[in-house]
Number of protein chains: 4
Amino acid sequence: MKLAILGLGKMGYNLTLNLLSHEHEVVAYDVEPKRADELGREGAIPAYSIEDAVSKLDAPRVIWLMVPAGEIVDELVDKLSTLLSARDIVIDGGNSHYKQSLDRYARLKEKGIHFLDAGTSGGMEGARHGACMMIGGDQEAFDHIEPMIRDINVENGYLYAGEAGAGHFLKMIHNGIEYGMMQAIGEGFEVLEKSPYNYDFAEVARVWANGSVIRGWLMDLTERAFRKDAKLDEIRGVMHSSGEGKWTLETALDLQAATPVIAMSLLMRYRSLEQDTFHGKVVAALRNEFGGHAVEKK
Amino acid sequence: MKLAILGLGKMGYNLTLNLLSHEHEVVAYDVEPKRADELGREGAIPAYSIEDAVSKLDAPRVIWLMVPAGEIVDELVDKLSTLLSARDIVIDGGNSHYKQSLDRYARLKEKGIHFLDAGTSGGMEGARHGACMMIGGDQEAFDHIEPMIRDINVENGYLYAGEAGAGHFLKMIHNGIEYGMMQAIGEGFEVLEKSPYNYDFAEVARVWANGSVIRGWLMDLTERAFRKDAKLDEIRGVMHSSGEGKWTLETALDLQAATPVIAMSLLMRYRSLEQDTFHGKVVAALRNEFGGHAVEKK
Amino acid sequence: MKLAILGLGKMGYNLTLNLLSHEHEVVAYDVEPKRADELGREGAIPAYSIEDAVSKLDAPRVIWLMVPAGEIVDELVDKLSTLLSARDIVIDGGNSHYKQSLDRYARLKEKGIHFLDAGTSGGMEGARHGACMMIGGDQEAFDHIEPMIRDINVENGYLYAGEAGAGHFLKMIHNGIEYGMMQAIGEGFEVLEKSPYNYDFAEVARVWANGSVIRGWLMDLTERAFRKDAKLDEIRGVMHSSGEGKWTLETALDLQAATPVIAMSLLMRYRSLEQDTFHGKVVAALRNEFGGHAVEKK
Amino acid sequence: MKLAILGLGKMGYNLTLNLLSHEHEVVAYDVEPKRADELGREGAIPAYSIEDAVSKLDAPRVIWLMVPAGEIVDELVDKLSTLLSARDIVIDGGNSHYKQSLDRYARLKEKGIHFLDAGTSGGMEGARHGACMMIGGDQEAFDHIEPMIRDINVENGYLYAGEAGAGHFLKMIHNGIEYGMMQAIGEGFEVLEKSPYNYDFAEVARVWANGSVIRGWLMDLTERAFRKDAKLDEIRGVMHSSGEGKWTLETALDLQAATPVIAMSLLMRYRSLEQDTFHGKVVAALRNEFGGHAVEKK
């Protein structure tokens, strides 16, 4: 089918190549015209403005947003609501908060335009060669794009998740689980690293990635990381986060769901951003006050 | 090669079939003679006592223990230390604590007998069709059995982990990670279950098992479990544990490793064993004392 | 001084008595006229509508809201904004979210009316005989009421905390700490309860309440609770919560502050609301799938 | 009564002064003779060897050990078992593990010597001016020393906790609670420190220490610490631990008690000992592998 991709960053660029390799026609647009040109050389139809992109599509038009979550999505939705017509379809393939997707769905719905929230997992490799997608919104809009969705994902790798928001909600929870799994793997290797044994971590990850209960893509990637840097000596253990773990915990709190592992995996990320903590200072000062235990001076 | 398996339970039985299918000669013994007979019909050489099993092997004898962790291992090690000779090899394929393996290694070493601690992961399916193994102990003993180990595990699915204890230590940590990953998955589905969306959990697990960052065997099994019982209505959420998660946390405490996710996954298992908690009663009583908040009466 | 109390529930009723005993003139109003009458017999001036209460005050009027956090506060603020004049003072003595207090402050500020957010701690006993208060808002409004505030709190028991919201923010954090301290106490007694020793918990709380590092009002109350019900056999360990612990954690997440103890004390409250958990079912089902471990049937 | 104190460090020294001020006769011994001499000048009877200290007592002799937990206690117990007679009483006032106290009790019991395990809380100030004590062991031995115990503790500040080990067990749990409470306080101030408000922390601690639900000695000490160093700028947040929190968690694990707050307060102490973590490196490396998220280089 013919569709437009707006946003040609790491994810959108690879997604476009993926679509092209499955013989879809892709109108490619980015604020950086060079990126559209680059994909033009790969077979895409470059566009140099939103209007240009829209004008190159046929009704019902399909527009896929592949931009970072945030205000930019609202700007695009607002602009598209003036350019598109009833029965056109806007897909948000980014990591937007599901509540925002609900809101955007409602705004476009007023004009009869469909909005699909598509959570994507699988990283850059997945975007290029097949990821998995969880999609929420109107069933009829999903049905229209399903053949294309089938092409670009791995086998069994997509789901019509239900009404508006259901796709991004599912992706949010996926990421919450991912936080917990990654922290679990990290903690296991931390104990190994402090153990009296002198393990080869890449070899450990290799054996755990083959045949074990905890095998999976994260363990494959763990092996890959240790192959590059055997003790991870070159990097710092600062764990940034891009929001979805926090949203998962906030949602869990709203639903009164006890999610200690997801909570702790998020809090340890925050802890990793600091060299020292104020709570630690308070505890150290208290130990000094009541027990005379020495504090470490700066 | 020719070897004896002592203990023909879920794991030992499947392991024997696995060995037979790779054309190894297996002397099979269990306290329950029927199980040896049954495997005899599959091509194993049944034995009806430890002595009988030992007598049917050639030097250097290889004896694989596949019995539950605990005193029974010590009893077998003690008995075997009187029956075996220098250069014979005893493998403990169970989930023993690595400190006990160190002790058993030392006891057999006095007589020149090798002791290998072999952690096995992959469940019953793995035992039958290929699992992964992490093996500690003397390198020369490992080298002797390596061809057989290669046969019965999946490709890339074994590791000589280092000196005595290194195999069981690694298996312990593997299970600690497993606890964390399973709890993370459970928490994610708990939020889904409490969410306003009406997800088909088997379908969610299916899409997450294909192409996503969190794909892996645990997600395959999650799908399988939901296919059997769509909302898990038939079972209770009581999470038993068999010791390795606890050992992992105790080891982390000894090494002063901060492992909050492994800790919480274990503590939530303990919490699940109780219908009500004493800490909850204390907190409820305190809220009543200072704020007049109603308590729930029994 | 003369002031009005709107809301004569557990806290407002006791606060009024406290004010009367310090010879302040209190106009007392509640949606339930009987409560105003009752306090009338104690020396208060009963009022039967908001308008009535306002009309009985002299400029600058001081109105103290002692109602549950929520919409009712907004309704009162809206109504008062039409009845009051510049330089009058509205105090919110409830557990409102500080962000709402910021909003209410701004709305009243438009008319020149002062809004003070007063967090109160000390329970009903404190409301009656002296609590502690943390107050945010305009300094000049605080200065006006300070003599009255001094009277009704314990010595050293009040603080002008700073600009608008600073009082309720502080109370929120106070409650977050309270959650953690209560859970810590509860956990300690849980271990005692499971221990081989046969402790008399009231006696344990008594000795810890006198001279120990962990002495304080919560331990006094722990003793009191155990004196009434030696093993807390009569109550269930269901830990309800009224919002401030959740707000503390949400605020911590927004500020990227690692607060694991506050997080876990909240999550264990949520856990206590359930007889069984979905995450537990998932974990139990997974253990069954890979290891054949029996699940508990319903 | 007349008794000997062995060990005149921070705690033993202050305890001796406390006993002297209540007109008990104290034989004072330390490996450092100067300390005995110093207390001699305060009215104690200095002793210069264990034998010397024992010889200066009358039957039934009362010997109070005030030495750090560890091997030194065993050495003293062994030595005293040769010097003392049946019905003499040895008190261990340190923070020994209750299982060791059970063992020491049994060893002295063989000779008819009483052993009391006395957990002490209240810090140095408590040792000097009145602390609280939880004492386990034979009731008759406790009865003999009770008048002296009453003198040196605050009112209501001691408890005969039950059979051998019950005192040190109780002190262990007390410290576990203390860990949780301190971490809760620390976390609260951490959120304040990151908040948009500019709080005076000493003033906050002051108001919380007077009239609030969370008032208590720890909050008094928090105020005191902030008075000395308003933002704790001079110290590092490194939280050392001396074992009892770890023992509490280990005991909770053995008893299958869910104690997440105590667990997290301990793990955050371990975390504070490290500038960077290996688990953080693993998570950061994984984020880079699947999502191309930048890692921070060293």
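In what follows, chains carry the letters A, B, and so on, assigned in the order in which the sequence lines appear, proteins first and then strands, with residues in each chain numbered from 1. Keep in mind it's a predicted model, so treat the numbers as computed, not measured.
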Run the side chain to side chain contact (heavy atoms under 4.5 Å, CB included) check on Tyr160(B) and Val207(A) step by step: do they pass? CA-CA 10 Å; Tyr160(B) 172 64; Val207(A) 72; over 6 Å; no
Bottom line for Tyr197(B): the part with an atom under 4.5 Å from chain A's heavy atoms is side chain
Is it the backbone or the side chain of Val154(B) that comes under 4.5 Å from a heavy atom of chain A, or both, or neither? side chain
Which portion of Glu125(B) sits near chain A, non-hydrogen atoms under 4.5 angstrom: neither
How close do Glu190(B) and Ala258(A) get, heavy atom to heavy atom, and via which atoms? OE2-N, 3.9 Å
Count the heavy-atom pairs under 4.5 Å between each of Leu170(A), Ile262(A), Val191(A), Leu159(A) and chain B, then report the option with the highest count. Leu170(A)
Part of Met133(B) within contact of chain A (heavy atom distance under 4.5 Å): backbone
What part of Thr120(B) gets closer than 4.5 Å to chain A, counting heavy atoms only: side chain, backbone, both or neither? neither
Honestly, the part of Gln256(B) sitting under 4.5 Å from a heavy atom of chain A is backbone
Quick one: what part of Asn153(B) sits under 4.5 Å from any heavy atom of chain A, side chain, backbone, both or neither? neither
What's the shortest heavy-atom distance between Ser121(A) and Val213(B), and which atoms? OG-N, 2.8 Å
Chain A contact via Tyr98(B) - which portion, at a heavy-atom distance below 4.5 Å: side chain
